[in-house]
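The figures that follow rest on heavy atoms only: side chains count, while hydrogens, waters and symmetry mates do not. Keep in mind the model is a prediction, meaning the values are calculated, not measured.
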Amino acid sequence: MVQLAINGGTPVIKQPLTHYNPLGQEEKDAVMAVMETGVLSKYLGCWDEDFWGGPVVKELEAYVADLVGAKYALAVNSATSGLYAAMGAFGIGPGDEVIVPPYTMVASVTSAIVWGAIPVFADIDPDTFCISPQSIREKITPRTKAIVAVDIFGHPADYDEIMQIAKDHNLMVLEDAAQSPGVKYKGRMCGTLADAGVYSLNYHKHIHCGEGGIVFTNDETLMKKIALIRNHAEAVVRDMGFNDLPNMVGQNYRLSELHAAIALEQYKKLDPLVKKRIGHANSLRQRLANIEGLTPPYVQDNCEHAFYIFPIKYDREKMGGIDRSLFIAALNAEGVPAGGGYVKPIYLEPMYQQKIAIGKNGWPFTLGETNYDKGLCPECEKQHEKELITLEIHSQLSGKEVDLIATAFEKIAANMGELKETKQSA
């Protein structure tokens with residue numbers, strides 16, 4: 001009789017899984033080439049040719065714009081910076097409302113707060129985990145100025161619906177595509193599906209340069225505003241002859257030549273890295289589809305999924321009443337590094353619960369009515385607290401490792417009676 005590892009049996013996976021590292025000799029050579037020039041960054045915070053950055057930054061921007069089919073690509077020092085710059089370029093200001101998802105990295109939401117706007121949380125779709133268009137419609141008020149849509153876990157949000165809502169209400173849309181590089185929504189690349197979109201180059205993304213990001217847009221005016229916010233706008237606008245001054249308070253969001261050199265080599269690898277990840281994920285999806293009580297990741301028709309995270313829905317009732325936490329503990333014991341939920345719904349974090357952000361008097365929350373009570377987004381809370389299981393299925397795993405992960409799930413599912421006894425004796 002097979003014994004589960006949580007009860008002292010032999011684990012399915014006896015060695016740690018392969019660590020993800022997409023960096024290689026190409027990146028080392030590119031860094032050394034920049035080092036030999038002695039020019040590690042070439043930005044000037046004034047109206048000059050070097051306002052746009054150095055040659056490697058410009059080469060990166062041209063390469064990535066062509067890769068995704070965008071008119072403009074602007075490199076920044078983080079995806080967070082890109083979100084902030086894009087939101088500022090939209091003209092968002094104090095007291096405006098921005099509809100945001102609750103299940104994402106916090107910067108997707110604070111991109112509104114830094115400009116004095118008030119985040120309004122819309123619930124998530126139960127299949128994709130992305131922001132729900134129906135919930136967006138319910139949250140629109142006369143003060144709504146923009147929507148942030150996040151391609152969470154690597155699946156694009158429903159942009160046909162979202163962009164139609166935006167058109168109907170004259171709203172701007174920002175696509176946070178940090179987790180969906182290199183995949184398409186109905187034939188168009190993620191990152192190009194809204195008024196502006198942002199890719200991440202943070203160290204744990206599909207490709208990275210440590211820290212960095214790219215902002216995409218097809219609008220020339222938005223591009224100029226993003227570039228100005230990136231690089232000391234208030235010192236540039238006069239000589240540039242740019243007279244649209246709202247939010248032209250510049251930052252230093254500039255990407256160095258060193259980071260750009262690494263990012264350029266990484267983008268050359270993006271397609272094969274993403275395709276291999278998708279292949280591994282699809283293999284695991286097929287295996288898990290045979291286990292009643294587990295729902296493998298959903299992929300909408302005519303869409304691709306980048307599988308930054310491999311999300312699984314857990315049905316406690318179909319699993320004999322066994323709590324998700326015990327099932328995850330059993331997976332961990334078998335060598336599968338799975339977790340429960342993703343991030344706590346953002347509105348439950350202290351900043352929103354206490355309504356303290358910029359300064360000590362509650363600004364910008366004092367500028368409007370806000371509700372951040374528990375229960376605000378019930379689908380998000382249910383997924384986080386009860387149903388969602390997450391794990392990473394990346395491109396450097398071997399086919400054998402993916403097979404072992406599937407075998408671990410199957411082993412536990414075939415021995416739920418034993419696991420239930422573990423629960424009773426705990």
Side-chain angles (χ1 to χ4, degrees), residues 19-31 33-34 40-43 52-70 72-86 104-108 110-111 150-154 174-183 189-192 196-217 223 226-227 229-231 251-274 277 306-309 392 394-396:
H19 176 68
Y20 186 62
N21 179 9
L23 301 172
Q25 189 60 45
E26 299 88 351
E27 289 79 10
K28 295 177 184 178
D29 292 343
V31 166
V34 172
L40 306 188
S41 180
K42 205 179 180 185
Y43 282 98
W52 300 101
V56 185
V57 165
K58 293 173 184 174
E59 184 181 2
L60 169 65
E61 292 172 340
Y63 182 91
V64 182
D66 182 67
L67 179 70
V68 304
Y72 307 106
L74 291 166
V76 286
N77 58 13
S78 71
T80 296
S81 298
L83 292 166
Y84 289 9
T104 178
M105 195 270 185
V106 291
S108 310
T110 50
S111 64
V150 180
D151 303 339
I152 199 67
F153 306 146
L174 176 56
E175 178 188 4
D176 183 340
Q179 299 181 3
S180 62
V183 297
M189 293 291 287
C190 290
T192 69
V198 178
Y199 273 9
S200 175
L201 288 162
N202 175 259
Y203 84 96
H204 52 75
K205 297 302 191 297
H206 297 70
I207 58 173
H208 77 93
C209 60
E211 297 286 355
I214 305 286
V215 188
F216 301 103
T217 185
M223 180 274 292
I226 292 165
I229 294 171
R230 172 179 71 172
N231 188 10
Q251 307 293 326
N252 182 343
Y253 291 157
R254 309 178 305 199
L255 191 70
S256 77
E257 293 286 278
L258 285 171
H259 289 87
I262 297 170
L264 181 58
E265 296 304 320
Q266 284 280 280
Y267 271 110
K268 294 174 183 177
K269 301 177 180 181
L270 177 63
D271 187 59
L273 287 173
V274 170
R277 187 183 289 238
F307 294 105
Y308 171 72
I309 293 290
E392 183 182 10
H394 59 74
S395 58
Q396 291 186 319

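Nearest heavy-atom pair, Ala86 versus Val215, reported as atom, atom and distance to 0.1 Å: CB-CG1, 4.5 Å. Looking at every heavy atom in both residues, Pro55 comes nearest to Lys42 through CD-CD, 4.2 Å. When every heavy atom of Ala75 is checked against every heavy atom of Tyr43, the shortest pair comes out as O-OH, 4.1 Å. Smallest separation of non-hydrogen atoms from Ala178 and Ser200: CB-CB, 3.6 Å.
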From CA spacing to verdict: side-chain contact (heavy atoms from CB on, under 4.5 Å), Ser256, Leu40
CA-CA 6 Å; Ser256 77; Leu40 306 188; 5.7 Å; no
Verify side-chain contact (heavy atoms from CB on, under 4.5 Å) between Tyr267 and Val68, making sure each step is shown before the conclusion.
CA-CA 11 Å; Tyr267 271 110; Val68 304; over 6 Å; no
Residues Ser78, Tyr253; criterion side-chain contact (heavy atoms from CB on, under 4.5 Å); working and verdict:
CA-CA 8 Å; Ser78 71; Tyr253 291 157; over 6 Å; no
Please report the C-alpha distance between His204 and Tyr308 in whole Å, then the side-chain angles of each, then the deciding distance to 0.1 Å, and finally whether the side-chain hydrogen bond (donor to acceptor under 3.5 Å, both in side chains) criterion is met.
CA-CA 9 Å; His204 52 75; Tyr308 171 72; 2.7 Å; yes
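The main-chain N or O of Asn231 is never found under 3.5 Å from a side-chain atom of Arg254 such that the two would form a donor-acceptor pair. Checked by atom type and distance alone, the side chain of Gln396 pairs as donor or acceptor with a backbone atom of Asn21 at under 3.5 Å. Judged by distance alone, with hydrogens and angles left aside, the side-chain atoms of Gln266 form a donor-acceptor pair with the main-chain N or O of Pro22 at under 3.5 Å. Between the Gln251 side chain and the Ile229 main chain, no donor and acceptor come within less than 3.5 Å of each other. Looking at Asn77, its side chain does come within 3.5 Å of a backbone N or O of Asn252 through a donor-acceptor pair. Distance alone, capped at 3.5 Å, is enough to place a donor-acceptor pair between the His206 side chain and the Ala306 backbone. Judged by distance alone, with hydrogens and angles left aside, the side-chain atoms of Glu257 form a donor-acceptor pair with the main-chain N or O of Val56 at under 3.5 Å.
With sequence neighbours excluded, the residues forming a side-chain hydrogen bond (donor to acceptor under 3.5 Å, both in side chains) with Lys269 are Glu26, Glu27, listed by chain and number. For Tyr203, the side chain to side chain contact (heavy atoms under 4.5 Å, CB included) partners are His208, not counting sequence neighbours. Ala227 is linked by a side chain to side chain contact (heavy atoms under 4.5 Å, CB included) to Phe51, Trp52, Leu74, Arg230, counting only residues two or more places apart in sequence or in another chain.
The CD atom of Glu211 sits 9.5 Å away from the CG atom of Leu201 when rounded to the nearest 0.5 Å. Here Lys28 contributes atom NZ and Glu265 contributes atom CD; the two are 13.5 Å apart, rounded to the nearest 0.5 Å. The distance from atom CD1 of Ile207 to atom CG of Asn202, rounded to the nearest 0.5 Å, is 12.0 Å. With values rounded to the nearest 0.5 angstrom, Met223 atom CE is found 5.0 Å from Tyr72 atom OH.
Taking the six-membered ring where tryptophan is involved, the planes of Phe216 and Tyr199 are perpendicular, since the angle between them exceeds 60° and thus also 30°.
In summary, of the residues considered (Asp151, Val274, Ile152), a side chain to side chain contact (heavy atoms under 4.5 Å, CB included) with Ser180 occurs for Asp151 alone. Just one of Leu255, Leu60, Leu67 meets the side chain to side chain contact (heavy atoms under 4.5 Å, CB included) condition when paired with Ile214; it is Leu60. Partner Leu83 forms a side chain to side chain contact (heavy atoms under 4.5 Å, CB included) with one of Val76, Val150, Asp176, Thr110 and no other, that one being Asp176.
A salt bridge does not link Glu61 with Lys58: every distance from a Lys NZ or Arg NE/NH1/NH2 to an Asp or Glu carboxylate oxygen is 4.0 Å or more.
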